[in-house]
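Take a look at the structure below.
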Amino acid sequence: MAVKIKLKRLGKIRQPHYRIVVADSRTRRDGRAIEEIGLYHPTYNPSKIEVDSERAQYWLSVGAQPTEPVLAILKLTGDWQKHKGLPAPAPLLQPATKEDKRASFDVFAKSLEGDDAKGEAITPKAKKADKKADEAEAASTESTEA
């Protein structure tokens, strides 16, 4: 029996999320799985990836073959390098917390305090005289046509 580590798709039509599963290679994509070893949520920013490293190492050691997308995920988490005996990759980025975002916003706001920016529009407003001239021109063309 050939065993594969593959993605099982869940979620709505345009909101996919996946489970990383170990399954018989003959089963369909969303079919019965032997074991679930992780999660992958590509729509989050940054993508959420969770892999049970111990179970992934076990299945790789007994000969389970990862599909191409799962291989890319395992390379990101470092499980593939650990299995092959290669050096580990750089750690994954962690999402910024609200406190971090607020602190960076405060620094940016303080840097703008010295500027003369008053929240004015960048493009100039259309003048009322231009609007009246356009209306008068349109009215004159209508009267000459009749």
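No experiment lies behind these values; they were computed from the predicted model shown.
- Contact record, Pro16 with Arg9: CB-NH2, 3.3 Å, taken as the closest heavy-atom pair.
- Contact between Ala23 and Ala33 at its shortest, heavy atoms only, is CB-CA, 4.1 Å.
- Under the rule for a side-chain hydrogen bond (donor to acceptor under 3.5 Å, both in side chains), the partners of Thr27 that lie at least two apart in sequence or sit in another chain are Lys6.
- How far CD1 of Ile73 is from NZ of Lys75: 12.5 Å, rounded to the nearest 0.5 Å.
- The CD atom of Glu36 sits 13.0 Å away from the CZ atom of Arg55 when rounded to the nearest 0.5 Å.
- Summarising the geometry, atom OH belonging to Tyr18 is positioned 9.5 Å from atom CG belonging to Asp30; distances are rounded to the nearest 0.5 Å.
- With contacts defined as side-chain heavy-atom distances shorter than 4.5 Å, the pair Lys4/Thr67 qualifies.
- Val21 and Leu39 fall into different hydrophobic clusters, where Ile, Leu, Val, Met, Phe, Trp and Tyr are joined by side-chain heavy atoms under 4.5 Å apart, directly or via other members.
- In terms of modelled atom types and a separation under 3.5 Å, the side chain of Gln81 and the main chain of Pro89 share no donor-acceptor contact.
- Glu35 contributes atom CD, which lies 12.0 Å from atom CD1 of Ile20 (distance to the nearest 0.5 angstrom).
- Annotation: salt bridge (charged side-chain N to carboxylate O under 4.0 Å, His left out) contacts of Lys48 (sequence neighbours excluded): Glu50.
- Remark: Ile49 CD1 to His41 NE2 distance equals 10.5 Å, nearest 0.5 Å.
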Inset, instruction - Step by step, work out the side-chain contact (heavy atoms from CB on, under 4.5 Å) result for Arg19 and Leu10. - result: CA-CA 8 Å; Arg19 290 189 182 156; Leu10 302 166; 3.3 Å; yes
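- Looking at Val22 and Val3, their side chains come closer than 4.5 Å, going by heavy atoms from C-beta outward.
- Lys84 meets the side chain to side chain contact (heavy atoms under 4.5 Å, CB included) test with Trp80, Leu86; sequence neighbours excluded.
- Checked by atom type and distance alone, the side chain of Gln57 pairs as donor or acceptor with a backbone atom of Asp79 at under 3.5 Å.
- Considering CD1 of Ile5 and CG of Leu71, their distance stands at 9.5 Å, rounded to 0.5 Å.
- Trp59 places a side-chain heavy atom less than 4.5 Å from the side chain of Ile34.
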